[in-house]
Amino acid sequence: MSLPPWIDELKTRYMNDEASVFVLHGPGLRDVWRLDDAPMAAEDALITFLQRSRDIVGRWSFKEGLKFNNPSDHSLFTRSVEARQALDGATRRLNPRESLDALALIWLAISTPGRRLGFVLSGVEGLLPENRKRIDALPGNTPALTEWPSNATLRASDNVIVLLVERLDRVRPELFDGCVIIEVPAAPKAVAAPKAAAAAPPPPPPDRAVAEAEIEALSAAPPPPPPPMAPAVAEVEAIAPELSVAPAPQASAPPSPPIATSTLSERLDVALRAAILRHPEGGWVQNLPAREAIAEVLHAESPQLCGPLALHVVDDQVKAVGPGAEWFEGWFRSDVAVDAAAGMLLGGLEVPQGGFTPENLPPLSGPALRALSRRVERALTQG
């Protein structure tokens, strides 16, 4: 297992029981690293590493509250916390999208024995800025974040908290008492800017009017007719009325495994739903779930074009990292119909309170899926 050096140090010092709360700081937090030869952003590499040994892994930010990469982690966390609140007789409902409420929920989880948890906290500069005298109290009986590193309950558990702080001097120093502080230097250039896989140049940009007309036409068009029956089936149905004697009943046989007949549109639908559930609370920058799903399908259908790619939001822009990333980003920018179809798919979804779950995610728009699959198919053909 190949680990970035700062993750390897965190692992070693955790195994030595030096702390339960770790602070990662330095310019490398903005860089791309390789975890088992897969390029990914520093925070994503950390999340991926923690998921190998933790039952639940979540990420908290001062601006967005609590989120989970894995929907099953989200469900398990919610059930565990709700059970704890019921036992405590709590009457106030805590909102995981509110930063202070989310910290209280995290504390409920890590102070309840039974599971191995990991949480990555970023943006604590907004919660505990160095120049602020007053510190906002956390809801209920939740201890202040500055007390977590030395808390006996947390220290006696198998749980781990990792704080991401680019500059230590921007945070109140008492937060670091009892923490292990690890510097994350700038990533090696060969890692920070991986060379894209050799691929054909991106297709020329289509005429905008033609692309938008295609989307509108597909939106109004009925679904394509079902495929014709196989000749053998048609033949059996044709001679069936001529049978004078019904065949003797046969013993029921075990069902045959389904035949894989999924279309490109169906594969996009599966990938899109999974991507939406990875970002269940909406607010998708540049149609992020659609881009993730398209990149996944493109790689599966034609590995020589791109990927596997990791997509990250940097300064309100979606950036792709991995082999073929430049081709993917160039193709997405050049084909206005791709983004139009992605916008139709995601823009038609109303995000419920608490975010999407497998149970409340509605069917995706068939016309928009067909429009998107046509653009992806064209990229596969031209690539």
Side-chain angles (χ1 to χ4, degrees), residues 19-25 29 43 46-47 50 54 56-68 73-74 76-181 280-281 283 353-355:
S20 296
V21 180
F22 296 81
V23 178
L24 300 180
H25 73 100
L29 292 177
E43 183 173 353
L46 179 60
I47 292 284
L50 291 175
R54 308 290 106 181
I56 299 173
V57 177
R59 62 172 82 199
W60 174 94
S61 71
F62 182 67
K63 291 183 179 180
E64 298 182 344
L66 181 60
K67 291 186 176 183
F68 298 87
D73 284 15
H74 187 186
L76 186 58
F77 175 86
T78 301
R79 293 196 300 270
S80 300
V81 168
E82 287 178 349
R84 170 66 185 272
Q85 288 176 307
L87 290 174
D88 292 348
T91 56
R92 177 187 168 187
R93 182 176 179 82
L94 298 172
N95 183 355
R97 288 184 287 183
E98 296 291 335
S99 59
L100 299 185
D101 282 10
L103 283 175
L105 288 170
I106 291 174
W107 180 256
L108 281 177
I110 63 178
S111 60
T112 302
R115 299 190 186 278
R116 292 163 56 87
L117 312 179
F119 291 94
V120 177
L121 280 54
S122 61
V124 293
E125 298 93 332
L127 179 68
L128 298 169
E130 188 276 335
N131 57 358
R132 182 187 297 175
K133 295 182 179 179
R134 178 180 173 274
I135 300 177
D136 295 329
L138 298 180
N141 297 320
T142 308
L145 187 60
T146 54
E147 300 174 14
W148 290 20
S150 58
N151 184 274
T153 300
L154 178 57
R155 289 294 291 123
S157 73
D158 289 329
N159 304 322
V160 60
I161 306 291
V162 183
L163 310 179
L164 305 183
V165 181
E166 286 193 38
R167 288 182 51 180
L168 299 179
D169 59 356
R170 292 182 176 177
V171 182
R172 294 177 68 96
E174 59 264 35
L175 175 62
F176 305 131
D177 292 343
C179 298
V180 164
I181 300 176
E281 297 180 358
Q353 185 175 3

Of all heavy-atom pairs linking L138 and L145, the shortest is CD1-N, 4.2 Å
Correct closest heavy-atom pair for R115 and S80 would be NE-OG, 3.5 Å
> Are L127 and L121 side-chain neighbours, meaning at least one heavy-atom pair lies under 4.5 Å?
Replying inline: no
Let's go through R54 and V160 carefully: what are the C-alpha distance in whole Å and the side-chain angles of both, what is the deciding distance for side chain to side chain contact (heavy atoms under 4.5 Å, CB included) to 0.1 Å, and is it a yes or a no? CA-CA 9 Å; R54 308 290 106 181; V160 60; 4.1 Å; yes
Value for CZ (R59) from CG (L164), rounded to nearest 0.5 Å, stands at 9.0 Å
Looking at I110, is its backbone amide N or carbonyl O close enough to the side chain of N159 to form a donor-acceptor pair, meaning the two atoms are under 3.5 Å apart?
yes
### Query
If you draw a 6.0 Å radius around CZ in R170, do more than 12 non-hydrogen atoms from other residues or ligands fall strictly inside?
no
S20 and R155 have their tightest heavy-atom pair at OG-NH1, 3.0 Å
- Query: Is there side-chain contact between V120 and E43, with at least one heavy-atom pair below 4.5 Å?
  - Reply: yes
Would you call the rings of F68 and F77 parallel, tilted or perpendicular, taking 30° and 60° as the class edges? tilted
d(H74 NE2, I56 CD1) to nearest 0.5 Å is 10.5 Å
Expected list for residues 96-108: side-chain donor-acceptor pairs under 3.5 angstrom, two or more places apart:
{"unit_1": "D101", "atom_1": "OD1", "unit_2": "R92", "atom_2": "NH2", "d": "2.8"}
{"unit_1": "D101", "atom_1": "OD2", "unit_2": "R92", "atom_2": "NH2", "d": "3.3"}
{"unit_1": "D101", "atom_1": "OD2", "unit_2": "N95", "atom_2": "N", "d": "3.1"}

Salt bridge (Lys or Arg N to Asp or Glu O under 4.0 Å) pairs touching residues 82-91, sequence neighbours excluded, are R84-D88
Rounded to the nearest 0.5 angstrom, the CZ-CG distance for R172 and D177 is 11.5 Å
Rounded to the nearest 0.5 angstrom, the CH2-CG distance for W60 and L66 is 10.0 Å
*Tell me, with the steps shown, if L175 and L163 meet side chain to side chain contact (heavy atoms under 4.5 Å, CB included).*
CA-CA 10 Å; L175 175 62; L163 310 179; 3.9 Å; yes
Give the intermediate values and the outcome of side chain to side chain contact (heavy atoms under 4.5 Å, CB included) for residues L46 and L24. CA-CA 10 Å; L46 179 60; L24 300 180; 4.0 Å; yes
Distance col, row R167:CZ vs E125:CD, nearest 0.5 angstrom, shows 10.0 Å
Rounded to the nearest 0.5 Å, the CG atom of D169 sits from the NE2 atom of H25 at a distance of 10.5 Å
